[in-house]
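Quick caveat: nothing in here was measured; it's all calculated off a predicted structure. Throughout, a chain's letter reflects where its sequence line sits, starting with A, and its residues are numbered from 1.
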Amino acid sequence: MLQIYNTASRRKEQFRPIDRQHVRMYVCGPTVYDFAHIGNARPVVVFDVVYRLLERLYPDVTYVRNITDVDDKINARAKETGEDIRTLTERTARQFHADVAALGALEPDVEPRATDHIQEMIAIIVELLDKGYAYHEDGHVLFHVPSMPKYGALSGHSRDELIAGARVEVAPYKRDPADFVLWKPSETSLPGWNSPWGRGRPGWHIECSAMSMKYLGQSFDIHGGGRDLIFPHHENELAQSRCAHPGSQYAKYWMHNGYLMAEGEKMSKSLGNFYTINELLQEFPGEAIRLALLQTHYRQPLDFTKESLRQAKHTLDRFYAALRGVADIAPGDAKADDVMAALLDDINTPLALSALHAALGDLNKAGTDAEKARLKAILLDGGEVMGLLQQDPEAWLRWQPTGGAGLSDGEIESLIARRAAARKAKDFGEADRVRAVLSENGVILEDKPQGTIWRRG
RNA sequence: GGCCCGGUGGCAGAGUGGUUAUGCAGAGGACUGCAAAUCCUUUUAUGUCGGUUCGAUUCCGGCCCGGGCCUCCA
């Protein structure tokens, strides 16, 4: 039985889907104006594991992750660089897809774009106006927060607190300082759509309300995203959706991943610790990045460092070396029960990884082929649900960084042949010289009874 | 100012009201021509001060430290 921590109740709960035959999950995706950074990668990887787990537990799962392609940051970036907005968003979305694919993330079932759902957003805004939860003022349509008594339940902020702490001057068209924008006017130079309130563009939160309803219905099971989205984004989404659709609960379970820091500091461009996925992929395999993200429980803060990546790479080297050793043994049909048990407890990936380590140790000690087949199956099964260990071991162990000036596979093989000849002639001085050359080029040798094997370290 | 989250051994990082998680690194050993890999053994911890309890790292409170949010910024 799956248990997940629900932000709405601030406790771990039994996961009981609305429809046991069909689980529905919505996760906030990227705003496409720049390379995705490692902080964006965390929810992608975390909810990919959730998706993989749900797929094992339920007959049908629909996973929706949106792309925000209308946003003031996008407009600002396009103005700054002179690039056409559509070109910018398309290019960035493609880059995002390539990056997260390298991290082993499965594609969501639906990946809707905000600009394709403007009519759906307008429809919700009309509902809110009709029902008296919103008002039209000075070209803007605003959600009237005091009209919803339960506003603030998700984030734990009361409206009064918000007003007390307000540090921004309240716009004149607001009836209440807590009110937020559903629709705003657009100048001709900015993207805009015709609406009952003139040419304009949507507020930040309305897209997720519109798209989740279209693809998942008025109520669905899981809504995920980074902790930083709880307020105001998710709080406002929740308010809009519930008020537009009385009787619906919107998301039943809210899951939020913790913050990510880089090298001990909050990530920021001025500190120079702003790793993009793309640049990290030049230096490390995507699976190492994925493992580094999964080594910490998703709700904990995570300090992402190059050192943690080196360790993750090293860890995977050990797993793949063991898998290479049993490459010619077909996996049995054993299942990774301990891995599953850990994941069922609020996606405890660090504990799941320790179960994988236990299987690795057992595999290294295994004496019989039957035992090896069983343990290989466990590693592959447990790895699969976490999106790990599915590559060809040989390919993994030969991986080298982009633009690496190291030796080619052929050069390595011929040096190994030279060393083998020297060893056969008992010329260990020459053999060690050859190995030193390989070692300087990051190639590690292992002499086995059947011959010498190698990997890039 | 208000609210929220976190503080575990050299590092990373879980569980747990009483019995060494796990990984990396370190030390010793086996194996090896030497290595590498692997295996075995092994050292180091629960921010701080109180409280509850027979007993707290684990529950409660104060404090300290780190991070975040407090609206059209994202």
**Student:** Could you measure between the two C1' atoms, the one in rA37(B) and the one in rC4(B), and give it in whole Å?
**Tutor:**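 Between the two C1' atoms, the distance is 47 Å.
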
**Student:** Please tell me which of the listed nucleotides, rA35(B), rC69(B), rA14(B), lies nearest to the side chain of Asp447(A)?
**Tutor:**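 Closest nucleotide to the Asp447(A) side chain: rA35(B).
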
**Student:** rG33(B) base to Arg423(A) side chain: any donor-acceptor pair below 3.5 Å?
**Tutor:**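 Yes, the side chain and the base share a sub-3.5 Å donor-acceptor pair.
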
**Student:** Of the nucleotides rA14(B), rC73(B), rA35(B), which has the atom closest to the Pro232(A) side chain?
**Tutor:**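 Nearest nucleotide to the side chain: rC73(B).
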
**Student:** Under 4.0 Å, counting only non-hydrogen atoms across every strand here, what does Gln300(A) touch: a base, just sugar-phosphate, or nothing?
**Tutor:**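 Sugar-phosphate contact only - Gln300(A) comes under 4.0 Å of backbone atoms but never of a base.
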
**Student:** Between Arg201(A) (side chain) and Val70(A) (backbone), is there a donor-acceptor pair under 3.5 Å?
**Tutor:**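 Side chain of Arg201(A) to backbone of Val70(A): no pair is present.
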
**Student:** Can you figure out which of rA74(B), rC34(B), rG23(B) approaches the side chain of Lys73(A) most closely?
**Tutor:**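 Among rA74(B), rC34(B), rG23(B), the one nearest the side chain of Lys73(A) is rA74(B).
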
**Student:** Check whether any side-chain nitrogen or oxygen of Arg227(A) sits under 4.0 Å from OP1 or OP2 of rG67(B), and answer yes or no.
**Tutor:**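 Negative; the distance criterion is not met.
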
**Student:** Checking all strands, does Arg419(A) fall into the base, sugar-phosphate, or nothing category for heavy-atom contacts under 4.0 angstrom?
**Tutor:**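 If one applies the 4.0 Å heavy-atom cut-off, Arg419(A) turns out to touch a base.
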
**Student:** Can you check whether Asn348(A) has a side-chain N or O nearer than 4.0 Å to OP1 or OP2 of rA14(B)?
**Tutor:**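 No, outside the criterion.
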
**Student:** Using a cut-off of 4.0 Å on non-hydrogen atoms, how would the nucleic acid contact of His297(A) be classed: base, sugar-phosphate, or nothing?
**Tutor:**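 Touches sugar-phosphate only.
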
**Student:** Taking atom P of rU71(B) as reference, at what distance in whole Å does atom OH of Tyr151(A) sit?
**Tutor:**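 Roughly 10 Å, once rounded to whole Å.
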
**Student:** Given rA36(B), rC11(B), rG6(B), identify the nucleotide with an atom nearest to the side chain of Pro301(A).
**Tutor:**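 Minimum distance to the Pro301(A) side chain belongs to rG6(B).
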
**Student:** Please report the C-alpha distance between Asp409(A) and Arg456(A) in whole Å, then the side-chain angles of each, then the deciding distance to 0.1 Å, and finally whether the salt bridge (Lys or Arg N to Asp or Glu O under 4.0 Å) criterion is met.
**Tutor:** CA-CA 10 Å; Asp409(A) 290 7; Arg456(A) 291 194 174 91; 2.9 Å; yes

**Student:** Distance between the P atoms of rC70(B) and rU58(B), in whole angstroms?
**Tutor:**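 Each nucleotide's P atom is 32 Å from the other's.
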
**Student:** Is any side-chain nitrogen or oxygen of Ser354(A) closer than 4.0 Å to OP1 or OP2 of rA14(B)?
**Tutor:**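 Answer no for this pair, as no side-chain N or O of Ser354(A) is under 4.0 Å from OP1 or OP2.
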
**Student:** How far does the P atom of rC24(B) sit from the matching atom of rU16(B), given to the nearest Å?
**Tutor:**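 Comparing P positions in rC24(B) and rU16(B) gives a spacing of 24 Å.
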
**Student:** Write down the partner of rU16(B) under the Watson-Crick or G-U wobble criteria, each distance required to be under 3.5 Å.
**Tutor:**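 Across all strands, not a single nucleotide pairs with rU16(B).
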
**Student:** Using a heavy-atom cut-off of under 4.0 Å over every strand shown, decide if Lys184(A) touches base, sugar-phosphate, or nothing.
**Tutor:**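 Answer is sugar-phosphate: Lys184(A) comes under 4.0 Å of backbone atoms only.
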
**Student:** Of the listed nucleotides (rG13(B), rU22(B), rA36(B)), which one gets closest to any side-chain atom of His357(A)?
**Tutor:**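 Out of rG13(B), rU22(B), rA36(B), the nucleotide with an atom closest to His357(A)'s side chain is rU22(B).
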
**Student:** Given rA37(B), is OP1 or OP2 found less than 4.0 Å from the side-chain N or O atoms of Arg455(A)?
**Tutor:**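 Yes, within the criterion.
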
**Student:** For a quick check, tell me whether the side chain of Asn236(A) and the base of rC72(B) share a donor-acceptor pair closer than 3.5 Å.
**Tutor:**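 No pair found.
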
**Student:** Can you figure out which of rC24(B), rG13(B), rG33(B) approaches the side chain of Phe428(A) most closely?
**Tutor:**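 The closest nucleotide is rG33(B).
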
**Student:** Any base atoms under 4.0 Å from Arg299(A), or only sugar-phosphate, or nothing? Heavy atoms, all strands.
**Tutor:**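 Answer is nothing: Arg299(A) stays at 4.0 Å or more from every strand.
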
**Student:** Can you find a side chain N or O atom of Lys365(A) that sits less than 4.0 Å from OP1 or OP2 on rC40(B)?
**Tutor:**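 Affirmative; the distance criterion is met.
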
**Student:** Take atom P in rA14(B) and the same atom in rU22(B), then report the distance between them in whole Å.
**Tutor:**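 About 15 Å, rounded to a whole number of Å.
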
**Student:** At under 4.0 Å between heavy atoms, what does Gly361(A) touch on the DNA or RNA strands: base, sugar-phosphate, or nothing?
**Tutor:**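 If one applies the 4.0 Å heavy-atom cut-off, Gly361(A) turns out to touch the sugar-phosphate alone, with no base involved.
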
**Student:** Which part of the nucleic acid, if any, lies within reach of Ser308(A) when heavy atoms closer than 4.0 Å are counted: base, sugar-phosphate only, or nothing?
**Tutor:**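 Contact class for Ser308(A): none.
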
**Student:** With hydrogens left out and only the distance checked, is there a donor-acceptor pair under 3.5 Å joining Tyr173(A)'s side chain and the base of rC72(B)?
**Tutor:**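 Yes.
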
**Student:** Want to settle it: does His140(A) or Gln295(A) sit nearer the 5' end of RNA chain B, counting the closest nucleotide to each?
**Tutor:**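 Of the two residues, Gln295(A) wins.
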
**Student:** Please say whether the positively charged group of Arg299(A), taken as NZ for Lys or CZ for Arg, lies over the ring of Tyr5(A), i.e. under 6.0 angstrom from the six-membered ring centre and within 45 degrees of the axis.
**Tutor:**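 Yes, cation above the ring, under 6.0 Å and within 45°.
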
**Student:** Could you tell me which non-hydrogen atom of His297(A) sits nearest to which non-hydrogen atom of Asn348(A), and how far apart they are?
**Tutor:**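 It is ND1-CA, 3.7 Å.
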
**Student:** What I want to check is whether an N or O donor and acceptor connect the side chain of Asp432(A) with the base of rG33(B) at under 3.5 Å.
**Tutor:**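 Pair found.
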
